[in-house]
Amino acid sequence: MTQRIEDYALIGDLQTAALVGRDGSVDWLCLPRFDSPACFAALIGGEDNGHWRIAPKGAKACTRRGYVGDSLVLESVWETRTGTVKVIDFMPQRDKAPDVVRIVEGVSGSVEMSSTLRLRFDYGSVVPWVRRTDGHRVAVAGPDSVWLRSEPEVKTWGQQFSTCSSFTVGPGERVAFVMTWHPSHMPAPGLIDPHKALDQCLADWHEWSAGCRYTGPYREAVMRSLITLKGLTYAPTGGIVAAPTTSLPEDIGGVRNWDYRYCWLRDSTLTLGALLSAGHVEEAAAWRDWLLRAVAGDPADLQVMYGVAGERRLPETVLPWLGGYAGSAPVRIGNDAVNQLQLDVYGEVMDSLYLGRQAGLTAEGHAWNIQLSLMGFLESTWRQPDEGLWEVRGPRRHFVHSKVMAWVAADRAVRTLEEFPQLNGDAARWRAMRDEVHREVCEKGFDPQRGTFTQSYGSKELDAAVLLIPRVGFLPPDDPRVIGTVDAVRAELGTGPLVRRYSRGAADVDGLPGHEGEFVVCSFWLADALMVTGRVDEARDLFERLLALRNDVGLLSEEYDARAGRQLGNYPQAFSHIGLVNTALALGADRTAG
């Protein structure tokens, strides 16, 4: 049976990540990068598309699991009829080759264990040739090579194009498996000591986590979200992927299945704010630097997303041999939204670079010249319709959020000149643009009968993105139009503590059949909006109800199905965890101020 999305936990090495199920199976792993082809794709196919399960014989799911302290080292405990055993899963920060380490440790009694490794390269489509050499099982196909060994060696055999192992552990006994990927044309990879690697991995994570300066009432949730964001970071460049997965559905059995293994410019402001506020300045600077490299070039060619190293070409392709998670097809890799016009990203980039400059991040000499170029382009294009932040696949529209973020771009440009007068620019022209955008949004994007901003000009539909209006400073929180918008969104888009991103009747807007779950980050935006409009107790109550939606190891996906009580969409989702951190920090600051 297909496991629920929330049945998975995340492990990673800051260059890629794997999902480990409650049943002890690694069902998703791309090597060597987040956006590389998967060698375990059972998550969006079936067991024949690749997985690696280690569990007691006959057992279905672990008894309990959790991360070891503030780390991405996962410990799953199995209580069986004959004894108790735990499996420790992690990926050490790599030197050269990526490793997956799985250590089986006996706790009490005697437990018979089994391991089944079914490698399928290129998203589950290529069966490798497997041979024995120097105490390893070596699987090779085309450019990919995986080496598997155990310490101590255990009985291993081939069966149905899989590598199987069987062994028994008693109290204190350990059997460690190490799986290493490297290019097939290269010499054998170096060996790591799995037990020393575990100690070093824990030390690395605990050293990093100690840098968090948040000490408020939600520290456990904030810390787990920050660790998750760190786990979604591609260390060589500083880019942060939206999620480590592709095609986990927003609608079970539907077609709303997208590839999120890339870096979205839209996430930049909220990510920078969360990292800086929590004290992780190094990560914030690395993300800012990735942003500058990505947006360099012709501003007319600015994309909404890039590869982890700043790649521009992300063509969308369907993989017909994969049936999809719980039958949700098609499975897609790449993302055609990369070609859309989404005007809000200009505002997010300008806001991010303004925030970084305010925070004292060392300014790159060319950063302001890039911003001047972006502003020059936006001045001539902000009046156009676009696809908006939700990347709709219907006709372009004059989305209110896009126009608000054009206002943000002009506002941050003006503020930058006011605060850093040594920089050159035309503040008067940008003030005029700012005033014009503001006037047009208030005239065309506000419904005076209902007292709320709408999704687009002339529309009756609502959009949760307008909750950000007070956050970005477009209107003050006590403005009646802001309060009316917050109330309307909560009433019309709310389902319990959750918020949909736009009205259910907006199929003609997004151009897709079917429905989707409630959007997790939008629900945190509602909590933020309630707080800034003075309803702090309601905001705190909502936030705590949202915390309860996390799974047993503190992870959130993109969406939540309130009716079925389950998580939906790509997982874990950076945007959801960014929302959690920012709301927790805001509530903590309010409590301190009070």
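Atom set for the values below is all heavy atoms of this structure, side chains included, hydrogens, waters and symmetry mates excluded.
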* Asked: Is there a donor in the side chain of K57 and an acceptor in the side chain of S166, or the other way round, less than 3.5 Å apart?
  -> yes
* Asked: Is there side-chain contact between V101 and P92, with at least one heavy-atom pair below 4.5 Å?
  -> yes
* **F543 ring center within less than 6.0 Å of Y218 ring center** => yes
* To do: For the pair R22 and D7, find out whether any cationic side-chain nitrogen is under 4.0 Å from an anionic carboxylate oxygen.
  => yes
* **Aromatic contact, W28 with H51 (centres under 6.0 Å)** => no
* Taking 4.0 angstrom as the limit, do D70 and R219 come out as a salt bridge? -> yes
* From NZ (K86) to OG (S108), nearest 0.5 Å -> 11.5 Å
* Asked: So, E207 and W205: side-chain donor and acceptor under 3.5 Å apart, yes or no?
  -> no
* Using only heavy-atom distances, determine whether the side chains of Q3 and D23 contain a donor-acceptor pair under 3.5 Å. => yes
* Other residues, nucleotides, ligands: >12 heavy atoms within 6.0 Å of W129 CH2 -> no
* Indicate whether any N or O donor in one side chain lies under 3.5 Å from an N or O acceptor in the other, for T168 and S110. => no
* Asked: Taking all non-hydrogen atoms of both residues, which atom of L322 and which atom of G45 are closest, and how far apart?
  -> CD2-CA, 4.0 Å
* Asked: Side chains of D528 and T583: do they bring a donor and an acceptor to under 3.5 Å?
  -> yes
* Sidechain N-carboxylate O distance under 4.0 Å for E220, R550 -> yes
* To do: Mind checking the OG-CZ spacing from S115 to F167? Nearest 0.5 Å is all I need.
  => 6.5 Å
* Do S76 and W78 have a side chain donor and acceptor closer than 3.5 Å? -> no
* NZ/NE/NH1/NH2 to OD/OE distance under 4.0 Å, E311 and R33 -> yes
* **Residue pair W208 / E283, side-chain donor-acceptor N/O under 3.5 Å** => yes
* Asked: Salt bridge between E250 and R501, side-chain N to carboxylate O under 4.0 Å?
  -> yes
* To do: Answer yes if the side chains of D99 and T180 hold a donor-acceptor pair under 3.5 Å, and no otherwise.
  => yes
* **D89 and its salt bridge (Lys or Arg N to Asp or Glu O under 4.0 Å) partner, picked from R65, R53, R102** => R102
* To do: Please check if the side chain of N551 supplies one atom and the backbone of E6 the other of a donor-acceptor pair under 3.5 Å.
  => yes
* To do: Taking the side chain as every heavy atom from C-beta outward, state whether T228 and L10 have any pair of such atoms under 4.5 Å apart.
  => yes
* **Donor-acceptor side-chain pairing of E391 and W264 below 3.5 angstrom** => yes
Check: residues 186-203 side-chain donor-acceptor pairs under 3.5 Å, at least two apart:
from: D193; atom 1: OD1; to: H195; atom 2: N; distance (Å): 2.9
from: D193; atom 1: OD1; to: K196; atom 2: N; distance (Å): 3.1
from: H195; atom 1: ND1; to: R174; atom 2: NH1; distance (Å): 3.1
from: Q200; atom 1: NE2; to: D204; atom 2: OD1; distance (Å): 2.7

* Should we count CD of E316 as having more than 12 external heavy atoms under 6.0 Å? -> yes
* Asked: Is the closest basic N to carboxylate O distance between E518 and R563 below 4.0 Å?
  -> yes
* Structure fact -> Separation between SG (C263) and CZ (F34), nearest 0.5 Å, reads 8.5 Å
* **Face-on cation placement of R149 at F177 ring, 6.0 Å and 45° thresholds** => no
* To do: Let me see the working for W525 and S523 under side chain to side chain donor-acceptor pair (under 3.5 Å), right down to the final yes or no.
  => CA-CA 5 Å; W525 292 349; S523 306; over 6 Å; no
* Would one find more than 12 heavy atoms of other residues, nucleotides or ligands at under 6.0 Å from atom CZ of R81? -> no
* Between D27 and S25, is any side-chain donor less than 3.5 angstrom from a side-chain acceptor? -> yes
* To do: Would you confirm whether S328, through its side chain, and P249, through its main-chain N or O, come within 3.5 Å as a donor-acceptor pair?
  => no
Show me the side-chain donor-acceptor pairs of residues 238-246 shorter than 3.5 Å, one per line, residues at least two apart or across chains.
from: T245; atom 1: OG1; to: N570; atom 2: OD1; distance (Å): 2.8
from: T245; atom 1: OG1; to: Y571; atom 2: N; distance (Å): 3.1
from: T246; atom 1: OG1; to: R332; atom 2: O; distance (Å): 2.4

* Atom OG1 of T317 and atom OH of Y123: how far apart are they, to the nearest 0.5 Å? -> 9.0 Å
